[in-house]
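Here is the structure we will look at.
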Amino acid sequence: MDLSSIAYPKLEDIQSALFIQPHPDDNEIGAGGTMAYLSHQGIPVYGLTVTEGRGGSKTIEPEELGKIRKIEAQNAMDVLGVVNLGCLGYHDNRPIIHETLVKELVRIIREVKPQAIFTVDPQLPDEMHPVHIQVGRAVQEAYMRCGQIYYPFEDHAKHADAFSPDIIGFYFTADDNTILDISDWMDLKCEAILKHKTQVDRQTLESFKAFYALVADGTDYQYAERLKLLSSVHTHCFAIPTAMKALLKK
Ligand SMILES: [Zn+2]
């Protein structure tokens, strides 16, 4: 049977990508190697942050921390060759309203028109951080909505800029279908992570390195990132039996 029409997308086919992170350091920690790999293919790679991450310190006042983390995010994206689209400015005083965030994401996706969008997997079984779950879900809905010409529906108008990315990818996932060898990109990933000075010290970085070495277990790689890459054929209705998933990696 020819399964090519339902095969999982491949990283090497991506021509532009937008990485949407809940907090200013998630993209680098979860997918810094993937971002470095893609940007070094010479394709446009964009980063977007949803919250300012004001709650990330016991010693720095929230407002001050929000400002510092914006600079840290810029510095980290500079290391990886990622274009920073900025921060949507959500924080503890501005709770995430699902519909509002979806609309903001749709507007940006239609403007940037990335071939692939990436975010955290909201279905990660033990994920308990509400912002990760909320952002992952909002990006999933935005992926579905951005190609619908009448969305947002309350406008009662056609949106000529309606656009659907071909691919949605997830990092921080337990349901991966793609492994990327990031051994050559690990130094850059670590350099980018360390730009988040208020969040990550050398000791924490060592635990990340141990984790990404563990992720490479079963491969010949020293370090790896695991991703779930889906196209529209995988994101509505049909479930692929677990035992069959390997057949869809063309
Ligand atoms: Zn986070």
Side-chain angles (χ1 to χ4, degrees), residues 1-20 27 30-31 33-46 102 105-106 109-110 112-127 132-133 135-151 162-185 212-250:
M1 191 190 302
D2 179 9
L3 297 175
S4 57
S5 62
I6 55 169
Y8 292 126
K10 291 163 80 174
L11 271 180
E12 50 266 45
D13 294 335
I14 292 176
Q15 297 301 313
S16 61
L18 166 61
F19 286 76
I20 302 166
N27 279 345
T34 304
M35 290 197 293
Y37 161 78
L38 290 172
S39 76
H40 284 78
Q41 306 302 304
I43 67 163
V45 180
Y46 304 94
V102 171
L105 293 171
V106 166
I109 292 166
R110 285 173 173 174
V112 177
K113 299 195 177 351
Q115 189 200 5
I117 58 173
F118 289 83
T119 193
V120 297
D121 186 348
Q123 273 93 35
L124 180 65
D126 293 329
E127 180 58 72
H132 278 228
I133 296 167
V135 169
R137 289 206 171 127
V139 175
Q140 285 178 324
E141 181 165 342
Y143 175 73
M144 298 296 289
R145 295 290 191 204
C146 55
Q148 295 177 340
I149 200 154
Y150 283 103
Y151 183 86
F163 165 85
S164 289
D166 296 333
I167 298 163
I168 183 166
F170 299 94
Y171 58 86
F172 292 151
T173 184
D175 187 25
D176 60 277
N177 56 22
T178 302
I179 294 189
L180 178 67
D181 178 5
I182 60 161
S183 309
D184 289 346
W185 309 110
Y212 284 101
L214 201 66
V215 167
D217 188 47
T219 71
D220 295 333
Y221 316 146
Q222 189 181 1
Y223 296 105
E225 284 173 356
R226 290 179 186 259
L227 304 155
K228 175 163 61 175
L229 297 184
L230 305 173
S231 56
S232 58
V233 75
H234 307 112
T235 56
H236 183 44
C237 294
F238 299 107
I240 309 293
T242 304
M244 297 290 110
K245 286 183 178 177
L247 294 177
L248 300 188
K249 299 178 195 175
K250 55 178 176 180

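When a residue number appears, it is its place in the shown sequence, counting from 1.
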Q | Backbone of Ala246 reached by a side-chain donor or acceptor of Lys249 within 3.5 Å | A | no

Q.
Any side-chain to backbone donor/acceptor pair from Glu225 onto Leu180? Under 3.5 Å, distance only.
A. no

Q: For the residue pair Tyr143 and Leu230, establish whether any side-chain heavy-atom pair is separated by less than 4.5 Å.
A: no

Q) Heavy-atom distance under 4.5 Å between the side chains of Ser232 and Ser164, does that happen here? A) no

Q.
Could you walk me through whether Arg145 and Gln148 satisfy the side chain to side chain donor-acceptor pair (under 3.5 Å) test, starting with their C-alpha distance in whole Å, then the side-chain angles of each, then the deciding distance to 0.1 Å, before giving a yes or no?
A. CA-CA 5 Å; Arg145 295 290 191 204; Gln148 295 177 340; 3.0 Å; yes

Q: Mind checking the OG1-CG spacing from Thr119 to Asn27? Nearest 0.5 Å is all I need.
A: 7.5 Å

Q) What pair of heavy atoms forms the shortest contact from Ser183 to Asp181, and how long is it? A) OG-OD1, 2.7 Å

(Q) For Ile109 versus Ala142, what's the shortest heavy-atom pair and its separation? (A) CD1-CB, 4.1 Å

Q.
Would you compute the distance between atom CZ of Phe170 and atom CG of Asp176 and round it to the nearest 0.5 angstrom?
A. 13.0 Å

Q. If you take all heavy atoms of Val102 and Ala138, which pair is closest and at what distance?
A. CG2-O, 3.8 Å

Q | Sub-4.5 Å side-chain heavy-atom contact between Asn177 and Leu248 | A | no

Q.
Counting C-beta onward and ignoring hydrogens, is there a side-chain heavy-atom pair between Thr235 and Met144 closer than 4.5 Å?
A. yes

Q. Can you name the closest pair of heavy atoms from Cys146 and Pro165 and give their distance?
A. SG-CD, 3.5 Å

Q.
Is a donor from one side chain sitting under 3.5 angstrom from an acceptor on the other, for Gln115 and Ser16?
A. no

**Q.** Heavy-atom donor-acceptor pair, His40 side chain to Tyr37 backbone, under 3.5 Å
**A.** no

Q: To the nearest 0.5 Å, tell me how far Asp166 CG sits from Leu229 CG.
A: 12.0 Å

Q | Centroid separation Tyr223 to Tyr212 less than 6.0 Å | A | no

Q. Would you call Val139 and Ile117 a side-chain contact if the rule is heavy atoms closer than 4.5 Å?
A. yes

(Q) Using only atom types and a distance under 3.5 Å, with no angle test, would you say the side chain of Tyr46 pairs donor to acceptor with the backbone of Ile20? (A) no

Q.
So, taking the atom named OG1 in Thr34 and the one named CD1 in Ile14, what distance separates them when rounded to the nearest 0.5 Å?
A. 9.0 Å

Q: Please confirm whether the backbone N or O of Tyr171 pairs with a side-chain atom of Arg226, one donor and one acceptor, at under 3.5 Å?
A: no

(Q) Could you check whether any side-chain N or O of Ser231 sits under 3.5 Å from a backbone N or O of Pro9, counting only pairs where one atom can act as donor and the other as acceptor? (A) no

Q. What is the distance from atom NZ of Lys113 to atom CZ of Phe163, rounded to the nearest 0.5 Å?
A. 6.5 Å

Q. Would you call Asp175 and Lys228 a salt bridge, taking side-chain N to carboxylate O under 4.0 Å as the test?
A. yes

Q) Parallel under 30°, tilted from 30 to 60°, perpendicular over 60°: which one fits the rings of Phe172 and His132? A) parallel

Q) About how many Å separate NE2 of His234 and CD1 of Ile168, when rounded to the nearest 0.5 Å? A) 13.0 Å

Q. If you look at every heavy atom in Ala162 and Arg110, which pair is closest and at what distance?
A. CA-NE, 3.6 Å

Q: Please state whether the rings of Phe19 and Phe118 are parallel, tilted or perpendicular, taking 30° and 60° as the class boundaries.
A: parallel

Q | Heavy-atom side-chain proximity of Glu127 to Ile133 below 4.5 angstrom | A | yes

